[in-house]
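Remarks on the structure that follows.
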Protein chains: 2
Amino acid sequence: MPDPDVIDLPNFLPYRLAVATDAVSGRLARRYREEFDLSIPEWRVMAVLGRYPDISANEVAARSAMDKVQVSRAVALLIRNGHLDRRADDTDRRRTMLSLSDSGQEIYRRIVPMARAYEQDLFARLSGPEAEVLMRALAQLSQP
Amino acid sequence: MPDPDVIDLPNFLPYRLAVATDAVSGRLARRYREEFDLSIPEWRVMAVLGRYPDISANEVAARSAMDKVQVSRAVALLIRNGHLDRRADDTDRRRTMLSLSDSGQEIYRRIVPMARAYEQDLFARLSGPEAEVLMRALAQLSQP
DNA sequence: GAACAATAGTTTCAATTGAAACTAATTTCA
DNA sequence: TGAAATTAGTTTCAATTGAAACTATTGTTC
């Protein structure tokens, strides 16, 4: 039984979560960077737009756990690199509708199988039931 | 069954991990900041030194998943705030042995129960077996 | 319909972080 | 021994991030 006056970092859940995320995101970020020259925020924007084409930056933020500043910056980079198209919304000229350009779609088409394969490699470390528990537990921990 | 040409971010394991870690670390970081004026790197250094007194900065790094630059910065802040003592190692004058000062021990004594209580609140969201699976799964995902 | 509040998105400025270079001390080995 | 390599820890400089302020447009209310 653990000493209640002391904390053992390797068994401390928040630490362990952070270490796992660092490892998982770090490896993935390196591949996005090397193979597609994308950061994780840029990838998230593309992932959302691949799934939900023609939505506003705000809607991207809502679907990607990013705030509007992060989205604005990632969108600016993606547009600069030609991976996104932006058109003004006629009915509300504050909004801009975003979508993947041809080049963006081409990258998306190639990045999805890579990301899926990476995720499969992660799941391969767990049994089926463990994977289900993990996903549920992460949802529980994400709640405010 | 999911469309294989598209990724649904909320079901994508690396994303879900990152969101959970953001939530868990964010809430905890706020409490460290508000109640103790500590950042997470500073807390990690203190946690390691509370558990293993009188070790070098390098050993702190090895036990906290931080690199030597992060440790160096956190240690500098903690010393500036009087929470750490540092003394030169006689047998190897490159090394400096670190330990919690009286003020550091006082904070440590108060922060440990808070951190434990927070962790208990997290575990309360899960069943006992779920918690065990989660901890094992995080260890699996952390491996290179 | 004019004033005020709210929303979409961007920019600015400071703080944090990362990568590389740096200093100082120790170890290796010809 | 003494030159070269290694190790501990710090510093520097650029890139990234966060918080707050900002612009432009739309919605609300009197």
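Below, each value reflects all heavy atoms present in this structure, side chains not excepted, and no hydrogens, waters or symmetry copies. Proteins get letters first, then strands, A, B, ... in listed order; numbering begins at 1 in each. Quick caveat, the model's predicted, so the values are computed rather than measured.
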Discussion item. With a 4.0 Å limit, can you tell me whether A:Thr96 has a side-chain N or O closer than that to the phosphate oxygens OP1/OP2 of C:dA8?
Written reply: no
Discussion item. Closest-nucleotide mapping onto DNA chain C: is A:Arg94 or B:Gln70 further toward the 5' terminus? I mean the 5' end.
Written reply: A:Arg94
Response to the item:
When rounded to whole Å, the CD1 to P distance for the pair A:Ile55 and C:dA8 reads 13 Å
Worksheet item: Would you call B:Glu59-B:Arg95 a salt bridge at under 4.0 Å N-O?
Response: yes
Worksheet item: If you pin A:Asp89 and B:Val69 to their nearest nucleotides in DNA chain D, which one's is more 5'?
Response: B:Val69
Discussion item. Given 3.5 Å as the limit, does a donor-acceptor pair link the side chain of B:Asn81 with the main chain of B:His83, or not?
Written reply: no
Discussion item. Nearest whole Å is fine: how far is C:dC22 C1' from B:Lys68 NZ?
Written reply: 10 Å
Discussion item. Can you tell me whether the side chain of A:Arg93 and the base of D:dT25 have a donor-acceptor pair closer than 3.5 Å?
Written reply: no
Worksheet item: Can you tell me if CG on A:Asp121 sees more than 12 non-hydrogen neighbours from other groups inside 6.0 Å?
Response: yes
Discussion item. Without decimals, in angstroms, what is the distance between B:Arg44 CZ and C:dT17 C1'?
Written reply: 14 Å
Discussion item. With a 4.0 Å limit, can you tell me whether A:Asn58 has a side-chain N or O closer than that to the phosphate oxygens OP1/OP2 of C:dG9?
Written reply: yes
Discussion item. Between the base of C:dT10 and the side chain of A:Arg95, is one N or O donor paired with an acceptor at under 3.5 angstrom?
Written reply: no
Discussion item. Strictly below 4.0 Å: does B:Ser72 bring a side-chain N or O up to OP1 or OP2 of D:dA8?
Written reply: no
Worksheet item: In whole Å, what is the span from the CG atom of B:Asp90 to the P atom of C:dA25?
Response: 14 Å
Worksheet item: Are the side chains of A:Leu77 and A:Arg80 in touch, meaning some heavy atoms are under 4.5 Å apart?
Response: yes
Practice prompt. Rounded to the nearest angstrom, tell me the gap between atom CE in B:Met66 and atom P in D:dT10.
Written response: 13 Å
Worksheet item: Has the side chain of A:Arg73 got a donor or acceptor that lies under 3.5 Å from a partner of the other kind on the base of C:dG9?
Response: no
Discussion item. Side-chain N or O of B:Arg86 versus OP1/OP2 of D:dT10: is the shortest distance under 4.0 Å?
Written reply: yes
